[in-house]
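Every heavy atom of this structure was used, including side-chain atoms; hydrogens, water molecules and symmetry mates were not.
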Amino acid sequence: MKITNHSVSSLLIAISVSLFSINYAVADVLSESNFDNNAPITANQDEHESVAPDQIETIADDQGSEGWFEDFLKKIGADGEFDPDKLIDFSILPGPFYNPEMSLGVGVSAVGLYQVDPEDKVSQLSSLVINGLASINGALGAAVESKTFFNDDNQRLFISAEFFDVPDVYYGIGYDNNHNDNNRVELSSRTYGINPMFHQRISTNSFVGVGFDAHYAEASDVDILDAAVSVDPLFDSSHSVGINLLLNFDTRDNVLNPQTGRIAQIEVGVYRKDLGSKTDFEAYNALYSTYYKVSEDDIFAWQIRGRFTHGDVPWDQLSKIGGGDSLRGYTTGRYRDKQMLLAQAEYRQHISGRHGMVYWVGAGVISEDFNDLISSNLLPNVGVGYRFEVKPKVNLRLDFALGDGDSGFYFNVNEAF
(Lines give C-alpha, C1' and ligand atoms only; values in the text may rest on other atoms or scores of the structure.)
Protein backbone atom coordinates (compact mmCIF):
# COMPACT_ATOMS: atom_id res chain seq x y z
CA MET A 1 0.00 0.00 0.00
CA LYS A 2 1.48 3.35 -1.03
CA ILE A 3 1.48 6.34 1.26
CA THR A 4 -0.66 9.29 0.24
CA ASN A 5 0.41 12.89 0.68
CA HIS A 6 -2.48 13.47 3.07
CA SER A 7 -1.58 10.56 5.35
CA VAL A 8 2.10 11.54 5.34
CA SER A 9 1.31 15.12 6.26
CA SER A 10 -1.15 14.17 9.00
CA LEU A 11 1.17 11.66 10.59
CA LEU A 12 4.16 13.99 10.47
CA ILE A 13 2.21 16.84 12.03
CA ALA A 14 1.03 14.56 14.85
CA ILE A 15 4.52 13.24 15.49
CA SER A 16 6.07 16.70 15.34
CA VAL A 17 3.59 18.15 17.84
CA SER A 18 4.05 15.18 20.19
CA LEU A 19 7.84 15.27 20.11
CA PHE A 20 7.86 19.07 20.38
CA SER A 21 5.66 18.90 23.50
CA ILE A 22 7.73 16.14 25.08
CA ASN A 23 10.89 18.07 24.34
CA TYR A 24 9.68 21.17 26.19
CA ALA A 25 8.43 19.09 29.09
CA VAL A 26 11.81 17.43 29.46
CA ALA A 27 13.58 20.75 29.02
CA ASP A 28 11.75 22.13 32.06
CA VAL A 29 13.07 19.28 34.20
CA LEU A 30 16.66 19.24 32.96
CA SER A 31 19.09 22.04 33.66
CA GLU A 32 20.17 23.86 30.52
CA SER A 33 23.80 23.22 29.58
CA ASN A 34 24.94 24.75 26.27
CA PHE A 35 28.31 23.86 24.79
CA ASP A 36 30.06 25.00 21.66
CA ASN A 37 32.83 23.18 19.83
CA ASN A 38 34.67 20.89 22.29
CA ALA A 39 34.41 22.79 25.58
CA PRO A 40 31.85 23.39 28.34
CA ILE A 41 30.84 26.98 29.04
CA THR A 42 32.29 28.65 32.09
CA ALA A 43 30.95 31.74 33.83
CA ASN A 44 33.49 33.97 32.05
CA GLN A 45 33.05 32.44 28.60
CA ASP A 46 30.57 33.46 25.93
CA GLU A 47 28.46 30.46 24.99
CA HIS A 48 29.34 30.81 21.30
CA GLU A 49 33.08 31.38 21.74
CA SER A 50 35.32 28.76 20.14
CA VAL A 51 37.72 27.18 22.64
CA ALA A 52 40.75 25.05 21.77
CA PRO A 53 40.86 21.52 23.24
CA ASP A 54 43.75 22.38 25.61
CA GLN A 55 41.58 25.04 27.25
CA ILE A 56 38.79 22.64 28.14
CA GLU A 57 38.06 22.30 31.83
CA THR A 58 35.57 20.15 33.60
CA ILE A 59 32.93 22.13 35.43
CA ALA A 60 32.69 21.12 39.06
CA ASP A 61 29.28 20.42 40.44
CA ASP A 62 29.21 23.05 43.18
CA GLN A 63 25.45 23.13 43.50
CA GLY A 64 24.86 19.54 44.55
CA SER A 65 22.11 17.45 43.00
CA GLU A 66 20.30 18.92 39.98
CA GLY A 67 17.47 16.40 39.90
CA TRP A 68 17.31 12.63 39.59
CA PHE A 69 17.35 12.59 35.79
CA GLU A 70 20.32 14.94 35.53
CA ASP A 71 22.13 12.88 38.16
CA PHE A 72 21.41 9.73 36.15
CA LEU A 73 22.79 11.34 32.98
CA LYS A 74 25.98 12.26 34.82
CA LYS A 75 26.39 8.70 36.09
CA ILE A 76 26.26 7.29 32.55
CA GLY A 77 28.53 10.07 31.27
CA ALA A 78 25.85 11.89 29.23
CA ASP A 79 26.56 15.22 30.90
CA GLY A 80 27.28 17.28 27.79
CA GLU A 81 30.87 17.83 28.94
CA PHE A 82 34.33 16.50 28.06
CA ASP A 83 36.81 15.57 30.79
CA PRO A 84 40.37 15.87 29.37
CA ASP A 85 41.80 14.05 32.39
CA LYS A 86 40.25 10.76 31.25
CA LEU A 87 41.97 8.60 28.65
CA ILE A 88 38.58 8.25 26.89
CA ASP A 89 35.58 10.10 28.30
CA PHE A 90 32.69 7.66 27.72
CA SER A 91 28.91 7.93 27.80
CA ILE A 92 26.92 4.69 28.00
CA LEU A 93 23.45 4.86 26.45
CA PRO A 94 21.22 1.76 26.77
CA GLY A 95 17.80 1.51 25.18
CA PRO A 96 15.18 -1.05 24.07
CA PHE A 97 14.14 -1.49 20.44
CA TYR A 98 11.64 -3.41 18.35
CA ASN A 99 11.39 -4.23 14.66
CA PRO A 100 9.66 -7.05 12.75
CA GLU A 101 12.92 -8.80 11.84
CA MET A 102 14.69 -8.82 15.21
CA SER A 103 11.64 -8.60 17.52
CA LEU A 104 12.17 -7.11 21.00
CA GLY A 105 15.73 -6.36 22.00
CA VAL A 106 18.12 -4.03 23.74
CA GLY A 107 20.78 -1.83 22.22
CA VAL A 108 23.72 -0.12 23.89
CA SER A 109 25.77 2.76 22.52
CA ALA A 110 29.07 3.73 24.12
CA VAL A 111 30.32 7.13 22.95
CA GLY A 112 33.83 8.18 23.89
CA LEU A 113 35.79 11.38 23.23
CA TYR A 114 39.56 11.66 23.57
CA GLN A 115 42.64 13.71 22.65
CA VAL A 116 45.74 12.16 21.10
CA ASP A 117 47.91 15.11 22.13
CA PRO A 118 46.71 17.55 24.82
CA GLU A 119 49.12 20.15 23.40
CA ASP A 120 47.46 20.00 19.98
CA LYS A 121 45.48 23.23 19.68
CA VAL A 122 44.16 22.56 16.15
CA SER A 123 42.77 19.01 16.00
CA GLN A 124 39.18 18.50 17.05
CA LEU A 125 38.31 15.88 19.63
CA SER A 126 38.64 12.29 18.44
CA SER A 127 35.74 9.88 18.92
CA LEU A 128 35.06 6.20 19.49
CA VAL A 129 31.49 4.90 19.07
CA ILE A 130 30.58 1.31 19.95
CA ASN A 131 27.05 0.08 19.17
CA GLY A 132 25.84 -3.31 20.33
CA LEU A 133 22.49 -5.12 20.15
CA ALA A 134 20.81 -8.34 21.23
CA SER A 135 17.22 -9.50 20.83
CA ILE A 136 14.99 -12.26 22.15
CA ASN A 137 15.07 -14.13 18.84
CA GLY A 138 18.85 -14.51 18.92
CA ALA A 139 20.04 -11.45 17.00
CA LEU A 140 23.51 -10.30 18.02
CA GLY A 141 25.59 -7.50 16.62
CA ALA A 142 28.28 -4.92 17.29
CA ALA A 143 29.72 -2.04 15.28
CA VAL A 144 32.74 0.09 16.12
CA GLU A 145 33.64 3.41 14.53
CA SER A 146 36.58 5.59 15.48
CA LYS A 147 37.70 8.94 14.09
CA THR A 148 41.15 10.03 15.26
CA PHE A 149 42.63 13.47 14.54
CA PHE A 150 46.30 14.16 15.24
CA ASN A 151 49.38 16.23 14.35
CA ASP A 152 47.46 19.53 14.18
CA ASP A 153 44.82 17.78 12.06
CA ASN A 154 47.30 17.05 9.28
CA GLN A 155 46.50 13.34 9.59
CA ARG A 156 43.25 11.53 10.28
CA LEU A 157 42.64 7.83 10.86
CA PHE A 158 39.07 6.55 10.45
CA ILE A 159 38.31 2.92 11.27
CA SER A 160 34.99 1.08 11.11
CA ALA A 161 34.36 -2.57 11.96
CA GLU A 162 31.23 -4.68 12.38
CA PHE A 163 29.94 -8.09 13.30
CA PHE A 164 26.26 -9.00 12.92
CA ASP A 165 24.36 -12.28 13.15
CA VAL A 166 20.77 -11.16 12.65
CA PRO A 167 17.51 -11.91 10.82
CA ASP A 168 17.46 -10.23 7.42
CA VAL A 169 15.27 -9.78 4.32
CA TYR A 170 15.84 -10.09 0.58
CA TYR A 171 13.56 -8.91 -2.22
CA GLY A 172 15.77 -9.79 -5.15
CA ILE A 173 17.61 -7.20 -7.24
CA GLY A 174 16.21 -4.12 -8.95
CA TYR A 175 13.30 -1.75 -8.32
CA ASP A 176 10.58 -3.95 -9.84
CA ASN A 177 11.46 -6.90 -7.58
CA ASN A 178 12.26 -4.76 -4.54
CA HIS A 179 8.99 -2.80 -4.70
CA ASN A 180 6.83 -5.95 -4.69
CA ASP A 181 5.87 -6.90 -1.12
CA ASN A 182 5.21 -10.48 -2.24
CA ASN A 183 8.91 -10.95 -3.04
CA ARG A 184 9.98 -10.75 0.58
CA VAL A 185 12.32 -13.60 1.56
CA GLU A 186 13.37 -13.99 5.19
CA LEU A 187 16.81 -15.30 6.13
CA SER A 188 19.56 -15.16 8.72
CA SER A 189 22.57 -13.07 7.81
CA ARG A 190 26.05 -13.23 9.31
CA THR A 191 28.46 -10.45 8.32
CA TYR A 192 31.95 -9.38 9.36
CA GLY A 193 33.79 -6.34 8.12
CA ILE A 194 36.65 -3.94 8.75
CA ASN A 195 37.54 -0.75 6.89
CA PRO A 196 40.46 1.45 8.03
CA MET A 197 41.26 4.63 6.09
CA PHE A 198 44.24 6.95 6.61
CA HIS A 199 43.84 10.60 5.52
CA GLN A 200 46.76 12.93 4.74
CA ARG A 201 46.21 16.68 4.36
CA ILE A 202 47.59 17.96 1.05
CA SER A 203 46.29 21.54 1.21
CA THR A 204 44.35 23.81 3.54
CA ASN A 205 41.05 22.03 2.87
CA SER A 206 41.97 18.85 0.99
CA PHE A 207 42.91 15.30 1.95
CA VAL A 208 43.98 12.15 0.15
CA GLY A 209 43.28 8.78 1.72
CA VAL A 210 44.29 5.16 1.38
CA GLY A 211 42.91 2.09 3.12
CA PHE A 212 41.47 -1.34 2.63
CA ASP A 213 38.07 -2.96 2.95
CA ALA A 214 37.44 -6.58 3.93
CA HIS A 215 33.91 -7.99 4.25
CA TYR A 216 32.42 -11.45 4.64
CA ALA A 217 28.72 -12.28 4.32
CA GLU A 218 26.84 -15.56 4.65
CA ALA A 219 23.11 -16.24 4.43
CA SER A 220 21.41 -19.18 6.16
CA ASP A 221 17.88 -20.38 6.99
CA VAL A 222 16.67 -18.92 3.69
CA ASP A 223 12.88 -19.25 3.46
CA ILE A 224 12.67 -20.65 -0.10
CA LEU A 225 9.15 -22.11 0.13
CA ASP A 226 7.38 -18.82 -0.55
CA ALA A 227 10.16 -17.20 -2.57
CA ALA A 228 8.84 -15.45 -5.70
CA VAL A 229 12.32 -14.27 -6.74
CA SER A 230 15.53 -16.16 -7.38
CA VAL A 231 17.44 -16.73 -4.15
CA ASP A 232 20.40 -18.49 -5.78
CA PRO A 233 22.84 -15.65 -4.96
CA LEU A 234 22.13 -16.13 -1.26
CA PHE A 235 23.54 -19.65 -1.23
CA ASP A 236 26.98 -18.30 -2.15
CA SER A 237 28.98 -16.90 0.76
CA SER A 238 30.69 -13.66 -0.13
CA HIS A 239 34.13 -12.39 0.81
CA SER A 240 35.23 -9.09 -0.66
CA VAL A 241 38.72 -7.64 -0.15
CA GLY A 242 39.84 -4.45 -1.79
CA ILE A 243 41.99 -1.33 -1.68
CA ASN A 244 40.32 2.06 -1.14
CA LEU A 245 41.56 5.39 -2.47
CA LEU A 246 39.98 8.69 -1.45
CA LEU A 247 40.15 12.36 -2.39
CA ASN A 248 38.12 15.06 -0.67
CA PHE A 249 37.67 18.78 -0.19
CA ASP A 250 36.51 19.45 3.38
CA THR A 251 35.73 22.83 4.96
CA ARG A 252 33.38 21.53 7.69
CA ASP A 253 33.91 23.13 11.09
CA ASN A 254 33.43 19.75 12.81
CA VAL A 255 33.35 16.25 11.36
CA LEU A 256 31.04 14.74 14.01
CA ASN A 257 28.35 17.43 13.87
CA PRO A 258 29.01 20.10 11.22
CA GLN A 259 27.34 23.49 11.47
CA THR A 260 29.08 25.24 8.58
CA GLY A 261 31.14 24.28 5.55
CA ARG A 262 30.96 21.56 2.92
CA ILE A 263 32.56 18.31 1.87
CA ALA A 264 33.01 16.94 -1.65
CA GLN A 265 34.45 13.43 -1.73
CA ILE A 266 35.19 10.61 -4.16
CA GLU A 267 36.21 7.15 -2.97
CA VAL A 268 37.19 4.24 -5.21
CA GLY A 269 37.28 0.62 -4.01
CA VAL A 270 39.08 -1.95 -6.18
CA TYR A 271 38.30 -5.57 -5.21
CA ARG A 272 40.41 -8.32 -6.76
CA LYS A 273 40.87 -12.08 -6.42
CA ASP A 274 44.61 -11.47 -6.09
CA LEU A 275 43.86 -9.60 -2.84
CA GLY A 276 41.65 -12.38 -1.46
CA SER A 277 38.32 -11.30 -2.88
CA LYS A 278 35.98 -13.93 -4.29
CA THR A 279 35.16 -11.83 -7.37
CA ASP A 280 36.60 -8.87 -9.26
CA PHE A 281 34.61 -5.63 -9.12
CA GLU A 282 34.89 -1.91 -8.42
CA ALA A 283 32.80 0.42 -6.26
CA TYR A 284 32.73 4.21 -6.63
CA ASN A 285 31.33 6.34 -3.79
CA ALA A 286 30.67 10.04 -4.34
CA LEU A 287 29.10 12.59 -2.00
CA TYR A 288 28.59 16.31 -1.67
CA SER A 289 27.24 17.76 1.58
CA THR A 290 26.90 21.36 2.65
CA TYR A 291 25.86 23.01 5.94
CA TYR A 292 24.48 26.51 6.58
CA LYS A 293 23.69 28.37 9.78
CA VAL A 294 20.13 29.61 9.35
CA SER A 295 20.13 31.38 12.70
CA GLU A 296 22.45 31.47 15.68
CA ASP A 297 21.71 27.83 16.51
CA ASP A 298 19.70 26.32 13.63
CA ILE A 299 21.30 24.46 10.72
CA PHE A 300 20.15 23.67 7.20
CA ALA A 301 22.04 20.79 5.55
CA TRP A 302 21.67 18.95 2.28
CA GLN A 303 23.48 16.10 0.58
CA ILE A 304 23.79 14.26 -2.72
CA ARG A 305 25.27 10.77 -2.52
CA GLY A 306 25.88 8.04 -5.06
CA ARG A 307 27.34 4.54 -5.15
CA PHE A 308 28.15 3.00 -8.49
CA THR A 309 29.55 -0.50 -9.04
CA HIS A 310 30.98 -2.40 -11.98
CA GLY A 311 31.98 -6.01 -12.50
CA ASP A 312 30.99 -9.24 -10.75
CA VAL A 313 29.36 -7.64 -7.70
CA PRO A 314 28.32 -10.02 -4.86
CA TRP A 315 24.78 -9.79 -3.50
CA ASP A 316 25.91 -8.18 -0.24
CA GLN A 317 28.02 -5.52 -2.03
CA LEU A 318 25.27 -4.19 -4.27
CA SER A 319 24.37 -0.54 -3.72
CA LYS A 320 21.52 -0.19 -1.22
CA ILE A 321 18.91 2.34 -0.20
CA GLY A 322 17.52 2.28 3.33
CA GLY A 323 18.66 2.15 6.94
CA GLY A 324 19.64 4.79 9.46
CA ASP A 325 21.95 6.81 7.20
CA SER A 326 20.98 6.14 3.60
CA LEU A 327 17.42 7.38 2.97
CA ARG A 328 15.72 6.61 6.28
CA GLY A 329 12.26 5.10 6.00
CA TYR A 330 13.17 2.01 3.97
CA THR A 331 14.12 -1.40 5.32
CA THR A 332 17.87 -1.93 5.14
CA GLY A 333 18.72 -4.15 2.17
CA ARG A 334 15.27 -4.11 0.61
CA TYR A 335 16.22 -1.86 -2.30
CA ARG A 336 19.47 -2.97 -3.94
CA ASP A 337 21.04 -2.88 -7.39
CA LYS A 338 24.38 -2.01 -8.98
CA GLN A 339 23.79 1.77 -9.08
CA MET A 340 22.31 4.12 -6.50
CA LEU A 341 21.77 7.88 -6.27
CA LEU A 342 20.01 9.85 -3.51
CA ALA A 343 19.51 13.37 -2.21
CA GLN A 344 18.33 14.53 1.21
CA ALA A 345 17.85 17.84 3.00
CA GLU A 346 17.48 18.51 6.75
CA TYR A 347 16.52 21.40 8.98
CA ARG A 348 18.18 21.01 12.41
CA GLN A 349 16.41 23.14 14.98
CA HIS A 350 17.84 23.94 18.41
CA ILE A 351 15.03 24.09 20.98
CA SER A 352 16.64 24.77 24.36
CA GLY A 353 19.64 23.59 26.34
CA ARG A 354 20.77 20.28 24.88
CA HIS A 355 17.51 19.56 23.05
CA GLY A 356 16.70 19.86 19.38
CA MET A 357 14.50 18.65 16.54
CA VAL A 358 15.27 17.62 12.95
CA TYR A 359 12.95 17.58 9.92
CA TRP A 360 13.92 16.19 6.52
CA VAL A 361 12.86 15.11 3.04
CA GLY A 362 14.72 13.04 0.50
CA ALA A 363 14.50 10.79 -2.53
CA GLY A 364 16.60 8.13 -4.20
CA VAL A 365 16.81 5.83 -7.23
CA ILE A 366 18.44 2.48 -8.04
CA SER A 367 19.14 0.78 -11.36
CA GLU A 368 21.36 -1.83 -12.99
CA ASP A 369 22.94 0.59 -15.44
CA PHE A 370 24.23 4.07 -14.65
CA ASN A 371 22.49 5.56 -17.69
CA ASP A 372 19.10 4.33 -16.41
CA LEU A 373 19.26 6.20 -13.10
CA ILE A 374 17.62 9.33 -14.46
CA SER A 375 14.57 7.39 -15.69
CA SER A 376 14.24 5.08 -12.66
CA ASN A 377 11.28 5.09 -10.29
CA LEU A 378 11.68 7.57 -7.45
CA LEU A 379 11.79 6.44 -3.81
CA PRO A 380 10.76 9.42 -1.61
CA ASN A 381 11.09 9.78 2.14
CA VAL A 382 10.13 12.26 4.84
CA GLY A 383 10.78 12.27 8.57
CA VAL A 384 11.13 13.96 11.93
CA GLY A 385 13.56 13.37 14.77
CA TYR A 386 14.57 14.39 18.29
CA ARG A 387 18.14 15.29 19.33
CA PHE A 388 19.84 15.30 22.74
CA GLU A 389 23.47 16.35 23.15
CA VAL A 390 25.24 13.74 25.29
CA LYS A 391 28.75 15.09 24.73
CA PRO A 392 30.09 18.24 23.02
CA LYS A 393 29.12 17.92 19.33
CA VAL A 394 27.78 14.38 19.89
CA ASN A 395 24.01 13.91 19.63
CA LEU A 396 21.74 11.03 20.49
CA ARG A 397 19.15 10.81 17.72
CA LEU A 398 15.66 9.34 17.63
CA ASP A 399 14.24 9.41 14.11
CA PHE A 400 10.99 8.33 12.52
CA ALA A 401 10.77 8.23 8.72
CA LEU A 402 8.19 7.31 6.10
CA GLY A 403 8.93 5.95 2.64
CA ASP A 404 6.85 4.61 -0.23
CA GLY A 405 5.00 1.74 1.47
CA ASP A 406 7.68 1.43 4.17
CA SER A 407 8.75 3.15 7.38
CA GLY A 408 11.46 3.06 10.01
CA PHE A 409 12.32 4.14 13.57
CA TYR A 410 15.98 4.75 14.35
CA PHE A 411 17.93 5.08 17.61
CA ASN A 412 21.52 6.11 16.92
CA VAL A 413 24.42 8.44 17.69
CA ASN A 414 25.49 11.40 15.51
CA GLU A 415 23.69 12.78 12.49
CA ALA A 416 22.78 10.80 9.38
CA PHE A 417 25.15 13.01 7.37
Side-chain angles (χ1 to χ4, degrees), residues 1-30 32 34 78 93 95-100 107 109 111 131 256-259 289-305 321-332 334-335 342-364 378-390 393-417:
M1 178 179 176
K2 294 189 176 182
I3 300 169
T4 65
N5 292 334
H6 176 73
S7 61
V8 169
S9 302
S10 300
L11 185 54
L12 282 177
I13 291 171
I15 293 171
S16 300
V17 171
S18 300
L19 286 175
F20 196 83
S21 302
I22 293 170
N23 183 69
Y24 266 105
V26 174
D28 288 338
V29 177
L30 300 181
E32 295 186 2
N34 293 302
L93 307 167
F97 70 84
Y98 176 84
N99 64 50
S109 292
V111 184
N131 292 313
L256 293 180
N257 191 358
Q259 295 187 348
S289 305
T290 188
Y291 307 84
Y292 304 95
K293 273 200 170 185
V294 178
S295 64
E296 193 171 20
D297 297 307
D298 293 358
I299 309 298
F300 176 73
W302 63 271
Q303 179 189 73
I304 298 175
R305 184 195 304 181
I321 276 182
D325 298 323
S326 174
L327 212 64
R328 288 155 286 178
Y330 293 96
T331 303
T332 304
R334 173 168 183 171
Y335 287 91
L342 66 84
Q344 48 191 342
E346 282 194 354
Y347 187 85
R348 301 169 183 174
Q349 180 185 22
H350 176 253
I351 303 298
S352 65
R354 291 193 272 160
H355 308 276
M357 298 290 291
V358 172
Y359 318 90
W360 73 88
V361 295
L378 203 64
L379 293 166
N381 83 327
V382 63
V384 61
Y386 167 75
R387 298 293 183 270
F388 180 75
E389 187 182 39
V390 296
K393 299 296 183 183
V394 178
N395 287 338
L396 174 70
R397 63 180 170 106
L398 302 173
D399 289 340
F400 177 75
L402 293 169
D404 182 6
D406 208 346
S407 64
F409 179 78
Y410 307 92
F411 173 87
N412 215 322
V413 176
N414 292 327
E415 298 299 336
F417 66 93

Next item on the list: Just do the side chain to side chain contact (heavy atoms under 4.5 Å, CB included) check on Leu398 and Phe388 with the steps written out, would you?
Entry: CA-CA 9 Å; Leu398 302 173; Phe388 180 75; over 6 Å; no

Check: What's the verdict on side chain to side chain contact (heavy atoms under 4.5 Å, CB included) for Trp302 and Gln344, showing C-alpha distance, side-chain angles and the deciding distance?
Finding: CA-CA 6 Å; Trp302 63 271; Gln344 48 191 342; over 6 Å; no

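Residues Arg397 and Asp325 are paired through a salt bridge, judged by an N-O separation under 4.0 Å between the basic side chain and the carboxylate. Of the charged side-chain nitrogens involved, at least one lies within less than 4.0 Å of a carboxylate oxygen, so that Arg387 and Asp399 count as a salt-bridged pair.
Rounded to the nearest 0.5 Å, atoms CG (Leu327) and CD1 (Ile321) are 5.5 Å apart. Separating the CG atom in Leu378 from the CG atom in Asp404 is a distance of 9.0 Å, to the nearest 0.5 Å. Rounding to the nearest 0.5 Å gives a distance of 14.5 Å between CG of Leu342 and OH of Tyr335. Note that the NE2 atom of His350 and the CG atom of Asp298 stand 8.5 Å from one another [nearest 0.5 Å].
Distance alone, capped at 3.5 Å, is enough to place a donor-acceptor pair between the Tyr410 side chain and the Gly329 backbone.
For Asn395, the side-chain hydrogen bond (donor to acceptor under 3.5 Å, both in side chains) partners are Glu415, not counting sequence neighbours. Annotation: side-chain hydrogen bond (donor to acceptor under 3.5 Å, both in side chains) contacts of Ser326 (sequence neighbours excluded): none.
When all heavy atoms are compared, the tightest approach of Pro258 to Arg348 is O-NH1, 4.1 Å.
The aromatic rings of Tyr291 and Phe417 are tilted relative to each other, their planes meeting at an angle between 30° and 60°.
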